[in-house]
Amino acid sequence: MKEQPDIVIQEVSPRDGLQIEPTWVPTEEKIRLIDAFSTMGFSRIEVSSFVSPKAIPALRDAAEVFTRIRRTPGIIYVALVPNMKGAENALAADADELNMVMSASDTHNLANVRMQGAESLRVFADVAKLGKSSGVLLNGSVATAFGCPFEGRQAPERVLEIVRRYLDLGVDGITLADTTGMANPAQVAALVERVLALIPPAALTLHFHNTRGLGLANVLAAYNKGAWRFDSALGGLGGCPFAPGASGNICTEDLANMAHDMDLKTGLDLPALIAEARKLPALLGHDMPGQVMKAGRTLDLHPTPAAVKALLA
Ligand code: COA
Ligand code: ZN
């Protein structure tokens, strides 16, 4: 029997990672990457988003990607959707889970999906009905949950209100997203504690960006409060094109390396992840923020220098 991981990592680079890249990644390459992830131990992969191709041209091939990836039984292939049209297209492409997204801040919600929060919630009532009748899983994401680049801090009560509204719609999971890396560990601990009073840890995902270097510190703050599901992206890719200053998600290999060093099982094949991350600069034409892909795993040791050997001889 497969061992239960201590930390469940959802790979989001095909969606959050590629959405902000100026370089067009050919459909074949996206499919190859997702098929590779399917062999590395992930139980959940966010494959793409069904959004306006004018808003996110990089993911305009979502339907083709979804229909051509090799599905591994037991892996949940997730689609981000902002509205009904997205939900219908995601279902037509056989997504396993619809990830609805709205922001705690109305300003970011308007910038991102051109709706007030209240309108997103009205739309999601229909999306949820459709999702339920189709038998897919539903996730509700709260973007800018820890801060908005336009409005600043968001009241925890606002985040909790959105969580409750999602729960009323019958979602299977909730994601709290730190869209532009404004969260700090103290804030994360406090909010996670309040959200875990409403839902079990199995239903909560934290989605951190490493914009200010606090990504893994925030993971540990959430973990220490009982959360164990996290989003991350290969190489530390990622960012929302409608949030100024957005930068990469926390990096999957860095997170897995930390977890493994702490004897926390992720179920992930870290050497395979590192090998895949090392292909990204050639694919995308720039350096990656990921650290472990450059440094190697903590205990990937180097040969003793010849000069030291000579001293020992
Ligand atoms: N997928 C594809 N096309 C869509 C769509 C969807 N989910 N929703 C709307 N459209 C199309 C409409 O059909 C219409 O097309 P047309 O101009 O050819 O007639 C056009 O987009 C405008 O439709 P409208 O409903 O007025 O949308 P909008 O211009 O107000 O934009 C969103 C709203 C949500 C579609 C757009 O802002 C969006 O896609 N945002 C996503 C941003 C994102 O992914 N951010 C990062 C992830 S958090
Ligand atoms: Zn994100």
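Whatever order the structure lists them in is the order used to number ligands and atoms, beginning at 1. The structure presented is a predicted model; accordingly, all values stated were derived computationally and were not measured. Computation of the quantities below employed the complete heavy-atom set of this structure, encompassing side-chain atoms and omitting hydrogens, waters and symmetry-equivalent molecules.
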Asker: Have Gln10 and Asp231 got a donor and an acceptor in their side chains that come within less than 3.5 Å?
Answerer: yes
Asker: Using the six-membered ring of Trp24, assess whether NZ or CZ of Lys30 lies under 6.0 Å from its centre and within 45 degrees of the ring axis.
Answerer: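 The answer is yes; both the distance and angle limits are met.
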Asker: Tell me whether Arg158 is salt-bridged to Glu161, with the criterion being a basic N under 4.0 Å from an acidic carboxylate O.
Answerer: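 A salt bridge links Arg158 with Glu161.
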Asker: For the residue pair Thr175 / Asn139, report whether a side-chain donor-acceptor contact shorter than 3.5 Å exists.
Answerer: yes
Asker: If you measure from each non-hydrogen atom of Ile56 to ligand 1, which part falls under 4.0 Å: side chain, backbone, both or neither?
Answerer: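 Side chain only; the backbone of Ile56 stays clear of ligand 1.
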Asker: Determine whether the side chain, the backbone, both or neither of Gln19 has a heavy atom under 4.0 Å from any heavy atom of ligand 1.
Answerer: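 Under 4.0 Å from ligand 1, Gln19 contributes side-chain atoms alone.
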Asker: Would Asp231 count as a contact for the Zn ion (ligand 2), in the sense that one of its N, O or S atoms lies under 2.8 Å from it?
Answerer: no
Asker: At under 4.0 Å between heavy atoms, is it the side chain or the backbone of Arg15 that contacts ligand 1, or both, or neither?
Answerer: side chain
Asker: Looking only at N, O or S atoms in Asp16, which is nearest to the Zn ion (ligand 2)?
Answerer: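 In Asp16, the N, O or S atom with the shortest distance to the Zn ion (ligand 2) is OD2.
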Asker: Mind checking whether Phe50 and Phe66 have ring centres under 6.0 Å apart?
Answerer: yes
Asker: Tell me whether the Zn ion (ligand 2) has Cys240 as a neighbour, meaning an N, O or S atom of it below 2.8 Å.
Answerer: no
Asker: Give the atoms of ligand 1, by number and element, whose distance to some non-hydrogen atom of Ala55 is under 4.0 Å.
Answerer: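 It comes down to these atoms of ligand 1: 38 (C), 39 (O), 40 (N).
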Asker: Quick one: look at Thr179 and ligand 1, take heavy-atom pairs under 4.0 Å, and tell me if it's side chain, backbone, both or neither.
Answerer: neither
Asker: Indicate whether atom 20 (C) of ligand 1 is within a distance of less than 4.0 angstrom of some protein heavy atom.
Answerer: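 False for atom 20 (C) of ligand 1.
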Asker: Just to confirm, does any protein heavy atom lie below 4.0 Å from atom 14 (C) of ligand 1?
Answerer: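 So atom 14 (C) of ligand 1 lacks protein heavy-atom neighbours under 4.0 Å.
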Asker: Indicate, as side chain, backbone, both or neither, the part of Ser52 found under 4.0 angstrom from ligand 1 when only non-hydrogen atoms are considered.
Answerer: both
Asker: Got a salt bridge between Glu97 and Arg44, using NZ or NE/NH1/NH2 to carboxylate O under 4.0 Å?
Answerer: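 Arg44 and Glu97: salt-bridged.
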Asker: Counting non-hydrogen protein atoms only, what is the nearest one to atom 42 (C) of ligand 1? Give residue, atom name and distance.
Answerer: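 Ranking protein heavy atoms by distance from atom 42 (C) of ligand 1, first comes Asn112 O, 3.2 Å.
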